[in-house]
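Residue numbers begin at 1 in each chain, while the letters A, B, ... track the order of the sequences.
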Number of protein chains: 2
Amino acid sequence: MKIATWNVNSVRTRLEQIINWLTENYVDVLCLQETKVIDHDFPRIAFESLGYYPYISGQKSYNGVALISRQPLTDVNIGFGSILPDLASSWDEQKRVISGIFEGVRIVNLYVPNGSSIGSEKYEYKLSWLKILREYLQTLLLLNPDISLCGDFNIALEDIDINSQVKIANHIMASEQERQALKDVISLGFADAFRKFNSAGENYSWWDYRTAAFKRNLGWRIDHHYLTPSLYERAQSCIIDIEPRKLVQPSDHTPVIVEF
Amino acid sequence: MKIATWNVNSVRTRLEQIINWLTENYVDVLCLQETKVIDHDFPRIAFESLGYYPYISGQKSYNGVALISRQPLTDVNIGFGSILPDLASSWDEQKRVISGIFEGVRIVNLYVPNGSSIGSEKYEYKLSWLKILREYLQTLLLLNPDISLCGDFNIALEDIDINSQVKIANHIMASEQERQALKDVISLGFADAFRKFNSAGENYSWWDYRTAAFKRNLGWRIDHHYLTPSLYERAQSCIIDIEPRKLVQPSDHTPVIVEF
DNA sequence: GCCAGACTAG
DNA sequence: CTAGTCTGGC
């Protein structure tokens with residue numbers, strides 16, 4: 001099974017690139033983040049014409065996630081609330097979570113809040129959001145031990161995941177609190193698929209649009225696949241495809257593909 | 001002497017097209033309207049690199065005029081107030097007037113208010129503005145009999161200057177009051193350079209972005225060169241260059257060039 | 001209806 | 001730097 005995660009920074013602006021990529025790169029499920037469009041305006045037909053089944057959760061302007069699947073998914077749920085019914089509904093105002101089962105494996109697709117700057121209101125929201133995420137996954141694990149968790153985490157877990165130009169100390173996406181919050185999540189039983197195959201630095205999935213960061217390879221590895229034990233065992237590869245980042249008018253992120 | 005007038009609808013958005021046009025079309029002075037940029041952010045160097053001297057009067061978002069000259073201009077003045085010192089300074093809040101002397105000829109570059117719709121507050125402003133303009137030119141004529149007056153007048157003087165699809169009766173840019181106000185201005189001693197050489201209809205300088213107006217040649221001739229008698233006598237040509245309107249992401253106006 | 005700039009977010 | 005929306009002009 002092949003699963004890709006890609007923050008596309010607007011599914012409508014990037015549609016042609018996404019469709020081209022899908023025709024050249026067979027995957028079972030493509031997990032999109034930052035679709036930036038309400039469900040009514042999501043370009044479903046473009047994906048359906050290719051034989052994919054889209055499952056979407058979007059909003060105006062910001063956030064938005066989608067699962068584009070080769071086969072119909074079962075048990076699709078949107079947001080935290082469907083799994084954590086006692087949760088305040090405000091946690092699902094931002095469309096950041098979608099999930100479904102493909103051939104017995106629960107695919108979870110996330111767009112973790114960016115957090116803006118350390119100590120800000122958005123930073124506190126990010127930390128709280130990650131706590132809810134832990135509860136959400138804990139509950140899902142009770143129902144299914146095989147979870148493939150992916151998305152834009154907006155966190156680089158280790159210093160090696162960040163280009164050396166960055167003053168890491170107290171940088172958003174690299175703070176101790178953020179890393180600990182993410183470690184608390186993966187400690188439920190997940191492992192980073194990319195690091196099964198590659199222990200080297202200078203492997204990034206996101207490059208800031210500013211200051212020609214891509215050309216200078218000043219990136220961050222913040223888009224991840226986390227797998228539960230048996231999936232991790234089965235995993236055959238996890239690669240970052242930097243080609244889409246080279247196109248004109250690219251997303252600032254590039255796809256990461258896991259196969260197990 | 002060759003003078004061009006061009007409402008560029010943002011000098012920054014159109015910069016490449018303007019520079020290309022200038023390299024392919026030698027003019028002594030290029031008169032720009034709707035530069036839509038404060039003086040600090042005006043792209044002077046692009047013009048200076050081509051050997052031109054820019055004289056500018058701009059504001060944030062709206063209006064803005066500029067003279068781009070092959071030679072340094074003398075006696076440059078901006079707004080009505082420099083010539084009509086008793087005038088309320090509020091008349092120069094909108095940046096619509098710039099003028100300077102090139103080889104003894106005073107070049108006046110205008111962006112006449114559009115007027116929105118007949119009877120509106122903006123319509124009254126347009127009519128009042130044209131009255132001030134008359135005073136302004138009357139004063140300038142005392143100092144120099146040779147004036148080349150051009151710009152976006154937002155008025156079609158005759159029915160022949162308007163495509164036949166338009167219901168002219170009481171249309172903004174074609175009302176009797178607007179036409180009379182402009183006639184009161186040119187009666188100071190100006191004549192329409194374009195009509196010295198061309199009495200035909202279907203010659204337009206502006207086509208609405210909407211409804212594929214350019215493709216169907218549903219335009220208006222609202223960008224003019226008006227010349228005082230001796231310049232009018234000397235005038236050798238006045239042509240509308242529709243080529244820039246054919247480009248991708250064009251201005252809705254196209255240059256009009258007079259030579260005398 | 002089509003376009004431009006300001007603003008906000010990343 | 002690059003999205004989206006909003007506003008305003010024509």
Side-chain angles (χ1 to χ4, degrees), chain A residues 7-15 17 33-38 41 58-64 94 96 111-117 120-123 125-126 152 154 171-173 206-216 218 220 222-223 245 247-253, chain B residues 7-15 33-38 41 58-64 94 96 111-118 120-123 125-126 152-156 166 171-174 206-216 218-220 222-223 245 247-253:
Chain A
N7 178 323
V8 289
N9 188 14
S10 173
V11 70
R12 285 179 295 181
T13 301
R14 223 69 62 203
L15 187 58
Q17 292 182 24
Q33 302 92 36
E34 284 207 83
T35 54
K36 293 187 173 178
V37 65
I38 57 171
D41 295 336
Q59 67 185 90
K60 194 163 75 167
S61 304
Y62 307 118
N63 312 312
Q94 299 183 16
R96 297 178 174 278
Y111 176 47
V112 177
N114 169 279
S116 190
S117 60
S120 68
E121 209 170 283
K122 284 173 182 165
Y123 181 73
Y125 181 83
K126 180 179 193 171
D152 174 1
N154 271 315
H171 195 297
I172 190 70
M173 302 191 290
W206 172 77
W207 298 261
D208 200 309
Y209 282 124
R210 288 162 280 193
T211 65
F214 181 67
K215 216 171 64 181
R216 303 190 288 154
L218 300 181
W220 292 60
I222 57 178
D223 300 273
R245 182 63 243 240
L247 300 173
V248 289
Q249 267 206 308
S251 167
D252 44 353
H253 296 251
Chain B
N7 178 322
V8 289
N9 189 11
S10 173
V11 70
R12 285 179 294 182
T13 301
R14 223 70 61 204
L15 187 57
Q33 303 91 36
E34 285 208 83
T35 55
K36 293 189 173 178
V37 66
I38 57 172
D41 296 335
Q59 67 183 89
K60 195 163 76 167
S61 302
Y62 307 115
N63 312 313
Q94 300 183 17
R96 296 178 174 278
Y111 176 47
V112 177
N114 168 278
S116 189
S117 60
I118 292 172
S120 68
E121 210 170 282
K122 284 173 182 163
Y123 182 72
Y125 182 82
K126 180 179 194 173
D152 174 2
F153 285 78
N154 271 316
I155 297 173
V166 173
H171 195 296
I172 190 71
M173 303 192 290
W206 172 77
W207 299 260
D208 201 309
Y209 283 124
R210 289 164 279 189
T211 64
F214 180 66
K215 215 172 63 182
R216 302 190 289 154
L218 301 181
W220 292 60
I222 57 178
D223 301 273
R245 182 65 242 239
L247 300 172
V248 289
Q249 266 206 307
S251 167
D252 43 355
H253 296 252

Exercise. Tell me: CG of N7(A) to P of dT2(D), nearest whole Å?
Worked result: 15 Å

Seminar exercise, completed: side chain to side chain donor-acceptor pair (under 3.5 Å) test vs N7(A) passes for just one of D152(A), N154(A), T35(A), namely D152(A)

Exercise. With S10(B), which residues qualify under side-chain contact (heavy atoms from CB on, under 4.5 Å), at least two apart?
Worked result: R12(B), T13(B), K36(B)

For this session: Starting from P on dA3(D), measure out to CG on L247(A) and report it in whole angstrom.
Result: 13 Å

Problem set entry | Nucleotide range of DNA chain C lying under 4.0 Å from chain A heavy atoms | dA9(C) to dG10(C)

Seminar exercise, completed: Sorted by chain and number, sequence neighbours left out, side-chain contact (heavy atoms from CB on, under 4.5 Å) with Y209(B) holds for N9(B), R14(B), R245(B), D252(B)

Exercise. In chain order, what residues pass the side chain to side chain donor-acceptor pair (under 3.5 Å) check against D208(B), with sequence neighbours excluded?
Worked result: R210(B)

For this session: Sequence neighbours left out, what passes side-chain contact (heavy atoms from CB on, under 4.5 Å) with L247(A)? Give chain and number order.
Result: Q17(A)

Problem set entry | Listed partners of F214(B) passing ring-ring contact (aromatic ring centres under 6.0 Å, His included), at least two apart | W207(B)

For this session: Go along nucleotides 5-10 of chain D 5' to 3' and tag each nucleotide: B for a protein heavy atom under 4.0 Å from its base, S when only backbone or sugar atoms are that close, - otherwise.
Result: SS-SSB

Problem set entry | Residues that Y111(A) engages under ring-ring contact (aromatic ring centres under 6.0 Å, His included), provided they are two or more places apart | none

Problem set entry | R14(A) side chain near dT2(D) phosphate (N/O to OP1/OP2, under 4.0 Å) | no

Problem set entry | With sequence neighbours excluded, residues passing side-chain contact (heavy atoms from CB on, under 4.5 Å) with K122(B) | S116(B), S120(B)

